[in-house]
Amino acid sequence: MHIPSIDIVSQFDPSPSVRPWPVYAMRLSSCRGDGGNEVEYLVGTGAGTTMTVADLEAEFFNGALQAVDTTNSESILRFASTYGVIPSPALHGADGLANFRRRNTAAPPARPVEFMDLQVGADACVRLLNEPSALRGSLPQDWRDGRPRELSEIARAFEWGNRDALEVISLAEMAQSIRALQCATVIPMVYSYFTRFDKSSVLDAIEYLGNGRYFQQAGPDFFSYETGPAASGFKLTTFERLLEDDPRLRDAASTTPVDAQAAFYASISVEFPAMAQSALDYLHAADRAYRGIGANQPAIQAPSDDPFEMAYRRSRRLPPLDNSIGTLGEAIVSQYARVYSSPTPFRRCEYCGKIFKKYKEEKFGKNIRTTRFCKKSCGVLFNQHQKS
């Protein structure tokens, strides 16, 4: 079944200015939340450093980000300690993070953000991450609606008086933010690549998306759920593997008078453009949220001239607390915007088979050049195999 080629709309700024962000030594902790339930969260302590988008590999979203298992707390912890945390673009997640950082300054906020102040129903990112109902039913309870953001504010209220806690975010918010970016960056890229070829089929795309070398398999498949009867609640997998994993579907397929496999792939083929568009819509909403466009002004104020505060921040190697500080989420979305908006077509590495545009060793600001391989090591290994 061929994938229909339909124009999907990208509204990115292809040349964004990307702010630096702080990175701290992270640890896992927990507290008791509403109803006595345990809230797991990450705490940043110790000497902080500053990262910029130039410190990330080209197509970070297609490499290091895809290596994170969002169902594994240790995997998330390692990622956060290396690259920084990713607040949710929903419900002013970056502002909540900054609000907590500012509590140790000369002009601290009076209190943590109250969850009831956040407009859950009006948030575009929340809607995209909780629809359709087939997807919502598969989400962990702590990932639904605005719950990840609520858990972060519960944890921040608990750590509010701890001056050594420089950054706090719930494990659920971090996991949801990473997983959403893993899915949202790959799906439009795969759609754009396979619709270039007349002989490509939806099975080719699904085989690619089902390969853990290219796309992280752990966690919910955001944007990839079909609501129709033919493939309700499907994941990005082949029909055969779906039957292996779902005995009820296997029984239904064996008794239906129609060709269940053909109906399954036809349904996905029709839905694929909508999946890609939903993913881009999420990234566009995230881009605007992270950069503070069309949202409430961040809670951060201009840096204080208090000498104690300045000495404290210098001793911790922390960046100034003003609007010049961004997040890792902003950097990832901005990097993707630059790659996706480039007229250079997506292509597959001739050695490892990964779909890509930008050579891994290229710098962020450099023009994208056409290469046969996604990174230097793939070119070296390809040449070695050709000689052997």
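The shown structure was predicted, so the numbers you read here are calculated from the model rather than taken from an experiment.
- Side-chain contact check for I86 versus T327: every heavy-atom pair is 4.5 Å or farther apart.
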Exercise for review: List the steps and the verdict of ring pair (Phe, Tyr, Trp, His ring centres under 6.0 Å) for F215 and Y208.
Suggested key: CA-CA 8 Å; F215 177 49; Y208 184 92; 8.7 Å; no
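- One distance of note links CG of D142 with CG of L151; it measures 5.0 Å at 0.5 Å rounding.
- Formation of a donor-acceptor pair under 3.5 Å by the R288 side chain with backbone atoms of L283 is not found in this model.
- The hydrophobic cluster containing M189 does not contain Y359, counting ILVMFWY residues as joined when their side-chain heavy atoms lie under 4.5 angstrom apart, directly or transitively.
- No donor-acceptor distance shorter than 3.5 angstrom exists from the side chain of K358 to the backbone of V339, with no hydrogens or angles considered.
- Remark: I332 CD1 to L65 CG distance equals 5.0 Å, nearest 0.5 Å.
- Atom OG of S170 and atom CD of E153 lie 9.0 Å apart (nearest 0.5 Å).
- Of all non-hydrogen atoms in W21 and V53, the two that sit nearest each other are CZ3-N, 3.6 Å.
- Rounded to the nearest 0.5 angstrom, C374 SG and Y351 OH are separated by 11.0 Å.
- Y290 and P89 make their closest contact through OH-CD, 3.3 Å (heavy atoms, listed as atom of the first residue, atom of the second, distance).
- For the residue pair S88 and Q176, the shortest heavy atom distance occurs at OG-OE1, 4.2 Å.
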Practice item. Check the pair V190, I355 against side-chain contact (heavy atoms from CB on, under 4.5 Å), reporting the backbone distance first and the verdict last. Key: CA-CA 7 Å; V190 171; I355 295 173; 4.2 Å; yes
Exercise for review: Carefully, step by step, assess F79 and I178 under the rule side-chain contact (heavy atoms from CB on, under 4.5 Å).
Suggested key: CA-CA 10 Å; F79 178 84; I178 293 173; 4.0 Å; yes
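- When all heavy atoms of M26 and V85 are compared, the closest pair comes out as CE-CG1, 3.7 Å.
- Scanning all heavy atoms of the two residues, the minimum distance from A180 to F223 falls at O-CE1, 3.8 Å.
- Tested against Y336 for a side-chain contact (heavy atoms from CB on, under 4.5 Å), the candidates L181, N62, L280 yield a single pass: L280.
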Exercise for review: Show your reasoning for whether ring pair (Phe, Tyr, Trp, His ring centres under 6.0 Å) applies to Y83 and F60.
Suggested key: CA-CA 11 Å; Y83 301 107; F60 181 85; 4.8 Å; yes
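- Under a 3.5 Å cut-off, the side chain of N383 and the backbone N or O of G379 do form a donor-acceptor pair.
- Distance alone, capped at 3.5 Å, places no donor-acceptor pair between the Q335 side chain and the L56 backbone.
- For the pair R372 and E350, the salt-bridge criterion is met [side-chain N within less than 4.0 Å of a carboxylate O].
- Rounding to the nearest 0.5 Å gives a distance of 6.0 Å between CG of L42 and CG of L77.
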Review point. What's the verdict on side-chain contact (heavy atoms from CB on, under 4.5 Å) for F272 and I187, showing C-alpha distance, side-chain angles and the deciding distance?
Key: CA-CA 9 Å; F272 216 114; I187 292 172; 4.3 Å; yes
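- E159 has no carboxylate O lying under 4.0 Å from a charged side-chain N of R156, or vice versa, which leaves the two without a salt bridge.
- There is no side-chain donor-acceptor pair under 3.5 Å between E207 and N211.
- The closest side-chain heavy-atom distance from E330 to R19 is below 4.5 Å.
- Of the charged side-chain nitrogens involved, none lies within less than 4.0 Å of a carboxylate oxygen, so that K360 and E59 do not count as a salt-bridged pair.
- For the pair M51 and P20, the minimum side-chain heavy-atom distance is 4.5 Å or more.
- Between R32 and V39, every side-chain heavy-atom pair lies at or beyond the 4.5 Å cut-off.
- No donor-acceptor pair under 3.5 Å is formed between the side chain of E173 and the backbone N or O of S152.
- Looking at heavy atoms from C-beta onward, Y340 lies in side-chain contact with S192 at the 4.5 angstrom threshold.
- Side-chain N or O atoms of R144 include one that pairs as donor or acceptor with a backbone N or O of L139 at under 3.5 Å.
- With a 4.5 Å cut-off on side-chain heavy atoms, R147 and Q141 do not count as touching.
- With hydrogens and angles disregarded, a donor-acceptor distance shorter than 3.5 Å links the side chain of Q66 to the backbone of F61.
- In summary, the side chains of E38 and S30 do present a donor paired with an acceptor at a separation below 3.5 Å, with no hydrogens or angles considered.
- Proximity of a side-chain donor or acceptor of R27 to a complementary backbone N or O of V43 within less than 3.5 Å is not detected.
- For the pair N72 (side chain) and D69 (backbone), a donor-acceptor distance under 3.5 Å is absent.
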Point to revise | Pair F373-R348, side-chain contact (heavy atoms from CB on, under 4.5 Å): steps then yes or no | key: CA-CA 8 Å; F373 307 103; R348 293 194 76 165; over 6 Å; no
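- When all heavy atoms of A218 and T71 are compared, the pair lying nearest together is CB-OG1, 3.9 Å.
- The backbone N or O of P220 sits less than 3.5 Å from a side-chain atom of R179, completing a donor-acceptor pair.
- Using a 4.0 Å cut-off between charged nitrogen and carboxylate oxygen, R127 and D123 do not count as a salt-bridge pair.
- Taking OH of Y282 as the start and SG of C125 as the end, the distance is 5.0 Å to the nearest 0.5 Å.
- Annotation: side chain of T45 is not in contact with side chain of Y24 (no heavy-atom distance under 4.5 Å).
- A heavy-atom distance below 4.5 Å is not found between the side chains of E167 and F100.
- Residues L28 and I169 fall within the same hydrophobic cluster, defined by Ile, Leu, Val, Met, Phe, Trp and Tyr side chains chained together at heavy-atom separations under 4.5 Å.
- Checked against the 6.0 Å centroid threshold, F346 and F356 do not count as a close aromatic pair.
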